[in-house]
Structure formats: C-alpha cells, structure tokens
Amino acid sequence: MNNPLISLYNITGFSRVVDSFKVATGDSAELPLADVLVISRVLFAVVMIGFVGYFFDRMKHSLFVTSETKTKDYPRR
C-alpha cells in the first residue's frame, strides 16, 4: 500500500476494527472496551439509518396511496 492509503486506513478507524477482529479470532478473545464501543456505535448507526429509511419509505408510500385514492374517488368530467 502506498502512503496515502495507509494514512486513510489509519484515519478512518478501520484499522481498529480490523485489529479487533484479529484479536477476536486469535487465542485471546477479550476485546478492549474502546474497540467494543466503536463496533457497537457503528452497528447502532447502521440500524438507525435502516429504521429512518424504512419510516420515510412508509410515509412516501402512504402519501402516494392516499393521493391515488382521492383521484379515483372524484373522477374528472
């Protein structure tokens, strides 16, 4: 890897996640608390983004269905 990729790897925190997985798969299965918190924050963020996306998708669907039914109830002449 070249220097910019190594610095990006270290800055993003991805190295901590990789090191955590290396520790987890090695002989010692204990993870430092900081690494556990990073992993839990990432998982929590992914789940929350999923819930927010699902909520807005359902809102869009309900608004589209109600507007579609209104046009069917009152046909133009």
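These values consider heavy atoms only, across backbone and side chains, with no hydrogens, waters or symmetry-generated copies.
Met59 and Val52 fall within the same hydrophobic cluster, where Ile, Leu, Val, Met, Phe, Trp and Tyr residues are linked whenever their side-chain heavy atoms come under 4.5 Å apart, directly or through other members.
Phe51 belongs to a hydrophobic cluster whose remaining members, ordered by chain and number, are Phe44, Val47, Met48; membership requires side-chain heavy atoms of ILVMFWY residues under 4.5 Å apart, directly or through intermediates.
Taking the side chain as every heavy atom from C-beta outward, Ser40 and Leu43 never approach each other to under 4.5 Å.
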